[in-house]
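Side-chain atoms are counted along with the backbone in the values below, which use heavy atoms only and exclude waters and symmetry mates. By convention in this document, chain letters (A, B, ...) are assigned in the order of the sequence lines, proteins followed by strands, and residues within each chain are numbered from 1. On a predicted model such as this, the values are computed, not experimentally measured, just so you know.
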Number of protein chains: 2
Amino acid sequence: MTNTTALWYFESVNLFNVLCPHKTKVMGEKHEFRRYNRDQFVYIPNDEASHIYMVVEGRVKIGHYLDDGKEVVSAILTTGEIFGELALAGEERRKDFAQAMENNTMLCPLSIDELKALMKDDKELSFRLLKLVGLRLMRLERKLELLVFKDARTRIIEFLKDAASWKGKKVGFETMIPTKLTHKDIAALTGTSRQTVTTILNELKDQNLIYFDRRKILIRDLGRLK
Amino acid sequence: MTNTTALWYFESVNLFNVLCPHKTKVMGEKHEFRRYNRDQFVYIPNDEASHIYMVVEGRVKIGHYLDDGKEVVSAILTTGEIFGELALAGEERRKDFAQAMENNTMLCPLSIDELKALMKDDKELSFRLLKLVGLRLMRLERKLELLVFKDARTRIIEFLKDAASWKGKKVGFETMIPTKLTHKDIAALTGTSRQTVTTILNELKDQNLIYFDRRKILIRDLGRLK
DNA sequence: AAGCGGATGTCGGTTGGCCGACAGCGTTAG
DNA sequence: CTAACGCTGTCGGCCAACCGACATCCGCTT
């Protein structure tokens, strides 16, 4: 579980680590995961915002729909990542959707009500939750800055670096990122177009800064990638 | 104070309203405001993030600097608005700056340490703080969506609508927004250029959808503005 | 094994809006 | 009062990157 622990660390608030003991103690037998199939929705806009979730297995797409019905992807989450946290920051009905991207996606749900109850006994928990939401805020600010002030190439490179530090395995100078993300996915996550992603990734490949195929991205040298 | 109350309501978490009694009780004589002069910094990047602030009077610019030294404005705050809240979400050193825009800008500072101490006695406070940060998150998500998926005209119009609902005084169909924001300011807040703001505002004026001069913006009919 | 849907690769045409430049215009400081 | 600086207004050049179109290519499904 070393890897999962690292993921939790990255979340910077080891929320579920704290809560799973709580759950077993306080919530008795309700300590279960939920299973989802590919394309199944965890929640959709206007659903009651009653839980937050941690991804145990599989992938979850977070996004919402524009007026014209077009889908906007704001995040694609994997093992160890938390979503739905706006529910505990006062959101009553979902504004976004969460959708499983793979069969057998396993989620650990956590009821807001129970969480609030726990907060009364556990002062430390309040800080952790505050940090969780605060961390989201900081990340979003970074994303905003990238999107507004950096060109497509820079955004994609920053995305690669993030992914590398987050999921990458280092071997010498090279960093290997196993990923099922399509160019379309990367485009959505970096605010660029599908074609631009393809072009820029191939540019980087030609310069031998990266290599990639359909299941991984390999960064030759993180220091040289810019 | 009706107006100020309305502002607090908009903040959705009546934080300082709750805390001022606390302060007078818990903090005794420390219930003071701080005064700043035009262009004086409240904090700058790398300062210790030890307080959050509410604007009592005047205006405060929040922003940060890009690598090339260019200034990025992320918000311009007036009476009743709160800033520096990342400090209570785990930020240790400021990443942004806060700068008074007018002489005699008055701020009400609130120490994070004291706040944390208060949180232990006041379970309601934890929720409020969570809501405060959560609200920021929601707003930022909206801003992100506007910046990425909407064109400059739409962004500026949305900005006008926001300002109207926030600071506007309705008189019949018309909404009057008193403001000292320059086109440059509006450009920074909407992620556009100064020239684009000037052009679009004048377009809207020509279409008689708005009127404006150097100290106010008048929206003819909120329903028709789009 | 065949076929089909989705992913990748490549090409131009098109354009929103940034930016520099410059000319009034208002405010403000002294 | 006056100078100076910053704000507003307008034009045109320019370009990043979006988008449609189309040709593979891959891999899953039946």
Rounded to the nearest Å, what distance is computed from the NZ atom of residue B:Lys184 to the C1' atom of nucleotide D:dG9? 16 Å
Nearest-Å distance for atom pair CD1/P, residues B:Ile200 and D:dG9: 13 Å
To the nearest 0.5 angstrom, please state how far the CD1 atom of A:Ile217 sits from the CG atom of A:Leu201. 6.0 Å
Rounded to whole Å, CZ of B:Phe212 lies from C1' of D:dC7 at a distance of 12 Å
If you fit an axis to the five pairs at each end of the helix from C:dA1-D:dT30 to C:dG30-D:dC1, how big is the angle between those two axes, to 10 degrees? 50°
Taken to the nearest whole Å, CZ/A:Arg153 to P/D:dC18 is 15 Å
Of A:Arg214 and A:Gln195, the one whose closest DNA chain C nucleotide lies more 5': A:Arg214
Atom-to-atom span, CZ of B:Arg38 to C1' of D:dG6 - whole angstrom: 10 Å
Between NZ of B:Lys180 and P of D:dT8 the distance, given in whole Å, is 14 Å
Candidate pair B:Glu102 and B:Arg38, rule salt bridge (charged side-chain N to carboxylate O under 4.0 Å, His left out), full reasoning: CA-CA 4 Å; B:Glu102 296 171 12; B:Arg38 182 181 225 278; over 6 Å; no
Do B:Glu145 and A:Lys95 meet the salt-bridge criterion of a basic N to acidic O distance under 4.0 Å? no
Pick the closest DNA chain D nucleotide for B:Thr198 and for A:Arg194 by heavy atoms, then say which residue is nearer the 5' end. B:Thr198
Quick one: B:Leu201 CG to D:dC7 P, roughly how many Å, whole number? 15 Å
Provide the start and end nucleotides, 5' to 3', of the part of DNA chain C that has atoms under 4.0 Å from heavy atoms of chain B. C:dG17 to C:dT27
Over 60° means perpendicular and under 30° means parallel, so classify the ring planes of B:Tyr53 and B:Phe83, tilted if in between. parallel
Working to the nearest 0.5 angstrom, can you tell me the gap between B:Leu88 CG and B:His51 NE2? 12.0 Å
Working to the nearest 0.5 Å, report the span between CG of A:Leu146 and CG of A:Asp151. 10.5 Å
Which residues satisfy the side-chain contact (heavy atoms from CB on, under 4.5 Å) test with B:Asp47, sequence neighbours excluded? B:Tyr43, B:Ile44, B:Arg94
Atom CD1 of A:Ile156 to atom P of D:dA16: distance rounded to whole Å? 14 Å
Distance test, side-chain N/O of A:Arg215 to OP1/OP2 of D:dG27, below 4.0 Å: yes
CG-CZ distance between B:Asp39 and B:Phe41, expressed to the nearest 0.5 angstrom: 7.5 Å
Rounded to the nearest 0.5 Å, what separation is found between the CZ atom of A:Arg220 and the CG atom of A:Leu204? 12.0 Å
